[in-house]
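The structure appears right after this line, and notes come after that.
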Amino acid sequence: MVLLMSITVLHLVTLAMLLIATMEKSWWMWTDSEITDLWYNCFHDNTTNTWLCAATNDNDWLQSVQALMVLSVVFSSISFLVFLCQLLSVSMSSGRLFYFTGLCQSFAGFTAFAACLIFTFHSKEILDDSRDVSTGRFGYCFILAWLCVPLLLISGVLYIHLRRKQ
């Protein structure tokens, strides 16, 4: 029972981290008042104390990172819904494994891994800015996405080895 609760909490935490990493606005920080994410380039206006954002320039690398991160969220969400259905299903006999749930969760980890690798190695092309990339740094959403990768893979393996009890 403790293992089941731990895996459920781990899954919900990683799903929340994935959502934050995909939707928040801090994949790349040029300065404290200028940031870039998967969807927008934002500037902080000190006079109105608001963020002014414009859509990012679309290029193939950025679109692949966007698609992989969204796919990772979708796989993790499907994995959680399937897990709940399997757990509450009366027709699933005891002793059965959660293969499909583990497989979906592992795919979520692999897609997040691919997205992080692409952003890491092609950040100059993705940012598509006239400035030198060495003047900026990776933001917390990028780091959060990297942290999700091992957590998703670990939970995927745990789901594969988890058996349903009475």
Side-chain angles (χ1 to χ4, degrees), residues 3-30 35-42 51 53-89 92 96-129 133-134 136-164:
L3 179 63
L4 182 66
M5 292 300 291
S6 300
I7 291 175
T8 305
V9 168
L10 176 64
H11 193 135
L12 290 174
V13 166
T14 54
L15 184 57
M17 288 169 57
L18 266 178
L19 283 168
I20 291 169
T22 303
M23 295 188 307
E24 268 299 306
K25 57 179 183 278
S26 182
W27 273 67
W28 186 263
M29 298 184 70
W30 294 102
I35 56 178
T36 300
D37 69 355
L38 299 179
W39 315 103
Y40 297 105
N41 293 322
C42 298
W51 286 96
C53 299
T56 58
N57 296 332
D58 283 340
N59 63 46
D60 293 338
W61 291 116
L62 177 62
Q63 288 178 348
S64 64
V65 173
Q66 290 171 338
L68 286 167
M69 285 305 292
V70 168
L71 196 58
S72 181
V73 170
V74 168
F75 273 132
S76 188
S77 300
I78 289 172
S79 174
F80 187 68
L81 292 175
V82 168
F83 172 66
L84 287 179
C85 289
Q86 287 177 330
L87 192 63
L88 301 174
S89 172
M92 185 178 173
R96 299 256 332 254
L97 298 173
F98 296 94
Y99 285 125
F100 186 72
T101 303
L103 192 64
C104 282
Q105 192 72 347
S106 297
F107 279 155
F110 289 131
T111 55
F113 179 65
C116 290
L117 277 179
I118 290 170
F119 196 85
T120 301
F121 292 119
H122 296 284
S123 56
K124 177 128 178 83
E125 294 93 349
I126 289 172
L127 296 171
D128 194 28
D129 203 286
V133 177
S134 65
R137 64 186 188 277
F138 292 109
Y140 78 90
C141 288
F142 174 78
I143 296 166
L144 203 58
W146 267 114
L147 286 175
C148 285
V149 171
L151 294 176
L152 288 165
L153 294 174
I154 288 169
S155 66
V157 169
L158 287 175
Y159 274 126
I160 290 172
H161 291 292
L162 183 66
R163 291 184 182 271
R164 184 169 189 247

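Annotation: side chain of Tyr99 is in contact with side chain of Ile160 (closest heavy-atom distance under 4.5 Å). At a threshold of 4.5 Å between non-hydrogen side-chain atoms, the residues Ser64 and Trp61 count as touching. Between Leu38 and Leu62 there is a side-chain heavy-atom pair separated by less than 4.5 Å.
The CG atom of Leu18 lies 7.5 Å from the OG1 atom of Thr111; values are rounded to the nearest 0.5 Å. Note that the OH atom of Tyr159 and the OG1 atom of Thr8 stand 5.0 Å from one another [nearest 0.5 Å]. Rounding to the nearest 0.5 angstrom, the gap separating the NE2 atom in His11 from the CG atom in Leu84 is 8.5 Å. Taking OG of Ser155 as the reference point, atom CG of Leu10 lies at 5.0 Å (rounded to 0.5 Å). The distance from the CG atom of Leu88 to the CZ atom of Phe83 is 9.0 Å, given to the nearest 0.5 Å. One finds the OG1 atom of Thr22 at 10.5 Å from the CG atom of Leu68 (value rounded to the nearest 0.5 Å).
In the model, Thr56 has no side-chain atom that pairs as donor or acceptor with a side-chain atom of Asn41 under 3.5 Å.
Taking the six-membered ring for Trp and the full ring otherwise, the centers of Phe138 and Trp27 sit at least 6.0 Å from each other.
Taking both residues in full, the closest heavy atoms of Cys141 and Ala21 are given as O-CB, 3.5 Å, listed atom of the first, atom of the second, then distance. The shortest non-hydrogen separation linking Asp37 to Glu24 is OD2-O, 3.2 Å. Between Trp51 and Cys42, the shortest heavy-atom distance links the atoms CE3-CB, 3.7 Å. Taking each heavy atom of Gln105 and Ser76 in turn, the nearest pair found is OE1-OG, 3.3 Å. When every heavy atom of Phe75 is checked against every heavy atom of Cys104, the shortest pair comes out as CB-O, 3.6 Å. Met23 and Trp39 make their closest contact through CA-NE1, 4.4 Å (heavy atoms, listed as atom of the first residue, atom of the second, distance).
Within the structure, every pair that satisfies the salt bridge (Lys or Arg N to Asp or Glu O under 4.0 Å) test and touches residues 137-154, not counting sequence neighbours, is listed here: Asp32-Arg137.
Within 6.0 Å of atom CZ in Phe110, 12 or fewer heavy atoms from other residues, nucleotides or ligands are found, so the atom counts as exposed in its surroundings. Residue Asn59 places its CG atom among more than 12 non-hydrogen atoms of other residues, nucleotides or ligands, all under 6.0 Å distant. No more than 12 heavy atoms of other residues, nucleotides or ligands sit less than 6.0 Å from atom CZ of Phe107.
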Which donor-acceptor pairs under 3.5 Å do the side chains of residues 112-121 make with protein atoms, sequence neighbours left out?
unit_1	atom_1	unit_2	atom_2	d
Thr120	OG1	Cys116	O	2.7

